[in-house]
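Indexing begins at 1, ligand by ligand and atom by atom, following the structure's order. The residues of the chain are indexed from 1 along the displayed sequence. These values consider heavy atoms only, across backbone and side chains, with no hydrogens, waters or symmetry-generated copies.
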Amino acid sequence: MSDVEVWVEKYRPRSLDEIADQEEIVRRLKEFVRTKSLPHLLFAGPPGTGKTTAALALAHDLYGDHWRDNTLELNASDERGIDVIRSRIKDYARTLPIGDVPFKLVILDEADNMTGDAQQALRRTMELFSKNTRFILIANYVSKIIEPIQSRCAVFRFQPLPKGAAIERLKWIASQEGVDVSEEALDVIWEEAQGDLRKAINTLQAASAIKRNVTAEVVYEALGKIRPREVEEMIQSALKGDLVGAREKLRALLYNYGLSGIDIVRFIHREIFSVRKTVRLDTATLAELVSLVAEANYRIVEGSDDEIQLMALLSKLALLAQRQPPGGK
Ligand SMILES: Nc1ncnc2c1ncn2[C@@H]1O[C@H](COP(=O)(O)OP(=O)(O)OP(=O)(O)O)[C@@H](O)[C@H]1O
């Protein structure tokens, strides 16, 4: 992996102008750059929504070429204990900032992993060095940061990028890399990433390493998850009433491909809505099916046998399909 560049880094926006979406946050941060003044900041939000990116871009725009000299990046969970953090900040804050901005930056990632005591000590450190340093604390949850720190910071809440903006970004990265990616594949990537753009970009990169022509199938393969075609065939067999065939396919998925029951159940959940294209299922039947899927899911999570639960679900699917009035294609 050493000579393969990681796309999340390669395509990490360098300056605030390159950040996709997050317009209100970018606007406020640009104002800090314009006035060259800054309170302590707290960036909070789910993983992969651009917190670290925004902190680094702010540093870049504030200091230009000198941004690395004026920025100390620490990770609260790597640096064992507050003493290490304090002494590193102390050493760093001793020298003056380079350039015309009167303070240096300390970016402290995963600040919400610090214990309450460590946060109290951090708060004192922030006060001690506030003359010539500004802190950007990064956290997933604001509520895990102690009140006295929260009240000393301007809080920025990062939301997951809207699907449209995220997909646009993925398309742009794919075009830069000369990779073909289908709309369906982008949908699957986004759905699996659940709003985490880092995860989405990593999935795109892993999929394109398998094949330059990224389809939904390739994405699933990259995720090591599920083989949609086989699962679809299994569902179709059940709908046609061929339970022996469905059972064979189920066993192949479980034992030859090594998929977990949970993965299969999730896929069935997704598929039963598109199954309506081939078999007419009325709303009551569909609702019943969804609740059966939920039941199978629950039982599997609770430790019940994957094969037995899934087979029961497929059998029910066969019965419900037979109950439907003729007329489906
Ligand atoms: N708004 C955005 N515009 C463009 N790219 C983005 C944006 N947000 C995230 N990314 C991409 O996703 C990657 C991960 O983002 P980042 O490291 O900033 O996430 P984070 O919010 O700090 O997550 P974590 O809490 O896991 O540290 C970045 O390297 C970048 O490629």
Which atoms of ligand 1 sit under 4.0 Å from any heavy atom of [X]?
| X | value |
| --- | --- |
| I201 | 11 (C), 31 (O) |
| R169 | 4 (C), 5 (N) |
| L161 | 1 (N) |
| T53 | 15 (O), 16 (P), 18 (O), 28 (C) |
| N140 | 25 (O) |

Can you tell me which portion of P13 lies within the under-4.0 Å heavy-atom range of ligand 1? Options are side chain, backbone, both, or neither.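 The answer is the side chain of P13.
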
Are more than 12 heavy atoms, taken from residues, nucleotides or ligands other than [X], located less than 6.0 Å from that residue's [atom1] atom?
| X | atom1 | answer |
| --- | --- | --- |
| E177 | CD | yes |
| R123 | CZ | yes |
| K90 | NZ | no |
| D65 | CG | no |
| R68 | CZ | no |
| E184 | CD | no |
| R157 | CZ | no |

In residues 56-63, what donor-acceptor pairs under 3.5 Å come from side-chain atoms, sequence neighbours left out?
residue	atom	partner	partner atom	Å
D61	OD2	L16	N	2.9
Y63	OH	F103	O	2.8

Look at [atom] and say which protein heavy atom is nearest, naming residue and atom and giving the distance to 0.1 Å.
| atom | answer |
| --- | --- |
| atom 31 (O) of ligand 1 | V8 O, 3.1 Å |
| atom 1 (N) of ligand 1 | A20 O, 2.9 Å |
| atom 23 (O) of ligand 1 | G48 N, 2.8 Å |
| atom 25 (O) of ligand 1 | K51 NZ, 2.8 Å |
| atom 22 (O) of ligand 1 | T52 OG1, 2.5 Å |
| atom 26 (O) of ligand 1 | R198 NH1, 2.8 Å |
| atom 10 (N) of ligand 1 | L197 CD2, 3.4 Å |
| atom 8 (N) of ligand 1 | G50 CA, 3.3 Å |

Is there a polar contact between ligand 1 and R12, counting only N or O atoms under 3.5 Å apart?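 Yes - when backbone and side-chain N and O of R12 are compared with those of ligand 1, one distance drops under 3.5 Å.
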
Do any nitrogen or oxygen atoms of T49 lie less than 3.5 angstrom from nitrogen or oxygen atoms of ligand 1?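 Between T49 and ligand 1, an N or O pair is found under 3.5 Å apart.
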
If you apply the rule side chain to side chain contact (heavy atoms under 4.5 Å, CB included), what do you find for N113 with E110, and how did you get there? CA-CA 6 Å; N113 280 347; E110 299 190 32; 2.9 Å; yes

At a 4.0 Å cut-off, with the gap strictly under it, does some heavy atom of D21 reach an atom of ligand 1?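 No.
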
Main chain of Y141, side chain of D112: is a donor-acceptor contact present, judged purely on distance under 3.5 Å?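 Yes, D112 side chain to Y141 backbone: donor-acceptor pair under 3.5 Å.
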
Are side-chain heavy atoms of L170 and V181 found at a separation under 4.5 Å?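 No, side chains not in contact.
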
